Amino acid sequence: MTGVLRTNLAARSTVLLLFIVTLVGMGFLLIALPLIQQQEKDRQETHLRELLMTVDQAASIACFLSDKQLAIEIAEGLLSNETVSEVVISAGSVELTHQIRNVGAHHHTGVAPTPLRRQLESPFTPGEVVGDITLVPDNGEIARNVQRSTQFMTLLFFVQVAVTGLGSALVMIRLIARPITRLSSALHALRPESGQKLAIPRGNENDEIGQLARDVNTMADTVVSALNQERELRQVHEIESQKFRAIFDHADTGIFLIDSAGMVISGNPAFANLFSIPESTLHTRNALKLIELVKEHRTEVADLIARCMEENHPLNLDLKLAGNPGSPTRWV
């Protein structure tokens, strides 16, 4: 390794650049991680408050009517969110429901969670309080979400360092080592009578390497430029494809694509998780039919697909799907 650093300018420059990038990057990472953690905690709390707002009207009706069954359904819906561990809905002094998640399945942080309480007003008389709903966060799940965000940013940092190292090596090889090697090899094998050309390396247009290549042939620059543009276009296309695939695979929302017959062509992990199907099934052609996944709503979904094909514009449908044994009912 020491010998390579002594004799190879590209390797020496790459190591130095990697050292600088790593040092600066770690400094920024140490500053950014606490901010990322706090931002994720705030986001989780905002999400829980939004959950309370979404069930405000239904919970008000349940308290107004003292409807325990409706209150239970609302609580179960809230508990389907992994960051919620406990829900209490009361109509005045009467507790309509008190639902608790299986706490044995969660991590504990040792810090007592801070409940979120929201008063419920009458759906018919503004200002009249008919009850309240209390939501207790799952600190363990929230801590894991924060940890995942932190790990992702750390991984992103190391990926950046790796990409920087690779990029710097390519730059050094491209601008220094490769031009010299190419010119040396080309000069040995050059056959002017066959139309062979020497290219002027980029960045060497005004130095000795460029002058040497220019003396042999001034037309080679156009060919090299065309080849470089083609390479860059391929790289851009590959990067854009990778970005789309990353968004598709890591989205929290279930995303899928079907054909006109209702067969699932592809789907992301969130889609597989939503319907409790193995991810490997999504990679098998003609293995899944959408209407088979929605069970009792087969007719509605089949009609929706037919209408969409006929009217040629986006349509939507809200479905209440029964979960597998032990799983809650969910709206899709």
Side-chain angles (χ1 to χ4, degrees), residues 47-65 67-84 87 89 96-97 99 101 120 123-124 133 135 240-241 243-332:
H47 174 64
L48 292 175
R49 294 187 184 279
E50 290 174 348
L51 280 178
L52 285 178
M53 292 179 64
T54 59
V55 301
D56 184 88
Q57 186 173 7
S60 297
I61 295 175
C63 290
F64 182 82
L65 300 177
D67 189 335
K68 292 188 176 182
Q69 183 58 38
L70 178 57
I72 291 173
E73 291 179 1
I74 294 171
E76 289 177 346
L78 290 172
L79 287 175
S80 65
N81 188 286
E82 294 182 347
T83 56
V84 179
V87 178
I89 301 177
L96 299 181
T97 185
Q99 299 286 329
R101 181 191 293 277
L120 303 172
F124 306 106
I133 178 171
L135 183 152
E240 293 302 323
S241 298
K243 286 181 179 178
F244 174 80
R245 173 53 59 181
I247 294 172
F248 183 81
D249 288 340
H250 295 88
D252 292 333
T253 303
I255 305 173
F256 61 97
L257 181 68
I258 62 172
D259 58 19
S260 58
M263 302 301 298
V264 178
I265 299 174
S266 65
N268 65 352
F271 169 71
N273 182 58
L274 180 64
F275 288 98
S276 301
I277 56 178
E279 289 187 30
S280 58
T281 308
L282 300 176
H283 305 297
T284 305
R285 183 71 176 179
N286 296 329
L288 291 172
K289 198 165 188 177
L290 183 60
I291 60 174
E292 298 300 328
L293 299 177
V294 296
K295 300 177 181 178
E296 66 270 20
H297 298 286
R298 292 184 179 90
T299 302
E300 298 171 72
V301 173
D303 291 342
L304 183 70
I305 295 174
R307 283 179 53 210
C308 190
M309 295 294 295
E310 180 180 350
E311 300 176 14
N312 195 30
H313 66 79
L315 299 172
N316 61 75
L317 178 66
D318 294 328
L319 300 176
K320 184 179 182 181
L321 300 179
N324 294 328
S327 300
T329 299
R330 65 225 188 263
W331 283 93
V332 178

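The model shown is predicted, which means the values in this text are computed figures rather than measured ones.
For the atom pair CG of Leu48 and CG of Asn81, the computed distance is 6.5 Å after rounding to the nearest 0.5 Å. One distance of note links CG of Asp249 with CD of Glu279; it measures 8.5 Å at 0.5 Å rounding. Taken from OG1 in Thr83 to CG in Leu78, the straight-line distance is 9.5 Å, to the nearest 0.5 Å. Taking CE of Met263 as the start and CD1 of Ile291 as the end, the distance is 9.0 Å to the nearest 0.5 Å. Within the model, atoms CZ of Arg307 and CG of Leu315 stand 5.0 Å from one another, a figure rounded to the nearest 0.5 Å. Here Asp56 contributes atom CG and Ile61 contributes atom CD1; the two are 10.0 Å apart, rounded to the nearest 0.5 Å.
Of all non-hydrogen atoms in His313 and Cys308, the two that sit nearest each other are O-SG, 3.6 Å. Closest heavy-atom contact between Ala270 and Ala251: CB-O, 3.4 Å. Shown here for Ala62 and Ala71, the closest heavy-atom pair between the two residues is CB-N, 4.0 Å. The nearest pair of heavy atoms linking Phe248 to Ser266 is CZ-OG, 4.2 Å. Shown here for Leu120 and Ser60, the closest heavy-atom pair between the two residues is CB-OG, 3.7 Å.
Between Lys68 and the options Leu96, Ile89, Thr97, a side chain to side chain contact (heavy atoms under 4.5 Å, CB included) holds for only Leu96. When each of Ile305, Val294, Leu317 is tested with Glu300 by the rule side chain to side chain contact (heavy atoms under 4.5 Å, CB included), just one qualifies, namely Leu317.
With respect to the salt-bridge test (charged N to carboxylate O, under 4.0 angstrom), the residues Lys243 and Glu240 qualify.
At least one donor-acceptor pair closer than 3.5 Å links the side chain of Asn268 to the backbone N or O of Thr253.
A heavy-atom distance below 4.5 Å is found between the side chains of Val264 and Phe271. Phe256 has its side chain within reach of Leu290: a pair of non-hydrogen atoms, C-beta onward, lies under 4.5 Å apart.
The environment of CD in Glu310 is sparse: at most 12 heavy-atom neighbours from other residues, nucleotides or ligands sit within 6.0 Å.
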